[in-house]
Amino acid sequence: MTIRISFDGDEVLGREGQTIAGVLLASGRRSWRTADGEERGVFCGIGVCQDCVVTVNGVGSVRACQRTACDGDAIEREVR
Amino acid sequence: MKRRVVILGAGPAGLAAAQAALAHGADVVVIDEGERVGGQFWRHHDTLTDRRLQHQWARFERLRGALERATVHASTSVWRVDTEHGVRVHALHGPVDAVDREPLVIDADALVIATGAHDRALPVPGWTLPGVTTAGAAQALAKRDGVALGGRTVVAGAGPFLLPVAASLAQVGGEVVEVVEAAGARAIARGWGRAPWQFAGVAGKAGELGEYALSLARHRTPYRIGQAVTRIHGERAVEGVTIQRVDARWRPIAGTERHVECDAVALGHGFTPRIEAAIQAGCAISPDRFVVVDARQGTSVAGVFAAGEVTGIGGADAALAEGAVAGFAAAGGDPADARMRGPLAARRRMHAFAARLATHDIAPGWTAWLDDETIMCRCESVTVARLTAAAGAAGSSRGIRLATRAGLGACQGRTCGRSVEALLGRPLGLDRRPVLSSVRIGELAACADEAPAASADAG
């Protein structure tokens, strides 16, 4: 089943059950965070490195590789 | 009253421990961060996972079936383990990194620590570019999400785990350009007697590795040995890598550089055991940073057992055998029981396999591929130059940490700790962590308010 989430306002389609990182990667995005001015995306993929964190429905620092995407989730990029 | 055995981690070791403890009549509680049991080895999703990527799935289904008689807390992160007055585990249950997860406090007669390991990826210039991940990330994305990391991926590092990663990427539609193994032909011949997948002394393993080798051949993916990715290129994401021959100490050999175009790199130079719960529980840790266990998988702390990668990197089969012994002993079982003969024999066999894995141990010459601008600590963007300057000036381990912030970021040194220590040639004590997992301050405060047993200094 298809789910719809938004990333910085853009609609992104994913498959039900995928992680937020999985949905974003499948949509062709490689990075969704800025660290010291440089782009970052998924790195460890198993919840250890904290590199892939995003803001989900207003809550910051959520690991995209671990959180299952839910229909309607609003994802925002984080900058530090 | 039944003996309560709490098991941290539901990968092969934890699941085998649960099954064995249940067989001995214990009241079993299994806690895992994931939404589903299985750990990294059996990471899956019911509809997204391609079953061909799974191994020993029937075994997993049997182990999962046994859990019907246990209490399973999935999506639960343990943040503290107390062993001063009996075993007490503090955890939070709820969606990953949500704001108001439910606190759990669980008392136990015995604890089995089966928290596994995560990939160790050595820093290399350019490794923070999007498109560079650990080998485990590539594997997890393929298995769990059905997503290929990139269109053209270079898989690089050391050890037989690179082979299933390459096979998984190919299975979900990614092209693996090369598999690059740092151990050289001489080391591999000495360590394995022949190619790893031909290593015949271990039942089961030879066949599994052989499948991966066939997958490489089918996809015409070259398997390069004695080579390493020494630089990753790209502006805003990966565009290519430099691959070089390395000597027996993993020092890159000048003049052997090759450029390979790719849009993804999966790095895996071995594994780092997740030993922080064992450290907090007071368990003795070996000089090479594994949990020390006896023949019953007992740690130095009474009532605390450990199994799987936290006790030494040996793969899923070793973890299954060790887990069974640990669970049975934790439940009060006698290891001389006839039911333990199988696991004890399997453990012996798999430890012989694990000894061969040392062929692929990181050799100290790798730091020669770093340059001054290479980021070591990804969380705080700390470069080689800043670290070496601070080590010269600040002296103490604490001084280096505070001056550079290396290892003090969000991952708490899990990603860079051992590499920073290798670069500076000294331990920095980065794996001692007062809080075992990501917890929001508000959740911690709520735990202090609600838990009647919490002492006044808990906040």
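Here is how names work: the chains are called A, B, and so on, in the same order as the sequence lines, proteins then strands, and each is numbered from 1.
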Counterpart residues, salt bridge (Lys or Arg N to Asp or Glu O under 4.0 Å), relative to B:Arg43 (two or more places apart)
none

Does the side chain of B:Ser438 reach to within under 4.5 Å of the side chain of A:Gln50, using non-hydrogen atoms?
yes

Region of B:Ala135 in contact with chain A, defined by heavy-atom distances below 4.5 Å
neither

Measuring from atom CD of B:Glu33 to atom CZ of A:Arg63, what distance do you get when rounded to the nearest 0.5 angstrom?
6.5 Å

Considering residues, nucleotides and ligands other than B:Glu235, do more than 12 of their heavy atoms fall under 6.0 Å from its CD?
no

Proximity breakdown for B:Ile375 and chain A, heavy-atom pairs closer than 4.5 Å
side chain

Residues in side chain to side chain donor-acceptor pair (under 3.5 Å) contact with B:Glu373, at least two apart in sequence or another chain:
none

Quick one: does any side-chain atom of A:Arg40 pair with a main-chain N or O of B:Arg378 as donor and acceptor, under 3.5 Å?
yes

So which heavy atom on B:Thr133 is nearest to which on A:Val42, and how close?
CG2-O, 3.4 Å

A:Glu39 versus chain B, heavy atoms under 4.5 Å apart: side chain, backbone, both or neither?
both

Nearest heavy-atom contact between B:Ser381 and A:Asp36 is CB-OD2, 3.3 Å

Contacting moiety of B:Ala410, where chain A heavy atoms sit under 4.5 Å:
both

If you take all heavy atoms of B:Gln40 and A:Ile46, which pair is closest and at what distance?
OE1-CG2, 3.1 Å

Is there side-chain contact between B:His45 and A:Thr68, with at least one heavy-atom pair below 4.5 Å?
no

Exam field: side chain A:Gln18 to backbone B:Asp145, donor-acceptor pair closer than 3.5 Å
yes

Is the backbone of B:Asp263 close enough, under 3.5 Å, to the side chain of A:Arg30 for a donor and an acceptor to pair up by distance?
yes

Only counting residues at least two apart or in another chain, list the ones meeting salt bridge (Lys or Arg N to Asp or Glu O under 4.0 Å) with B:Arg440.
none

For residues 69-80 of chain A, give me every residue with a non-hydrogen atom less than 4.5 Å from any non-hydrogen atom of chain B.
A:Arg80

Nearest non-hydrogen partners of B:Val99 and A:Val59, listed with the distance
CG1-CG1, 3.8 Å

Is chain A contacted by the side chain of B:Leu48, its backbone, both, or neither, given a heavy-atom distance below 4.5 Å?
both

Here the pair of heavy atoms bringing A:Gly22 nearest to B:Val147 is O-CG2, 3.7 Å

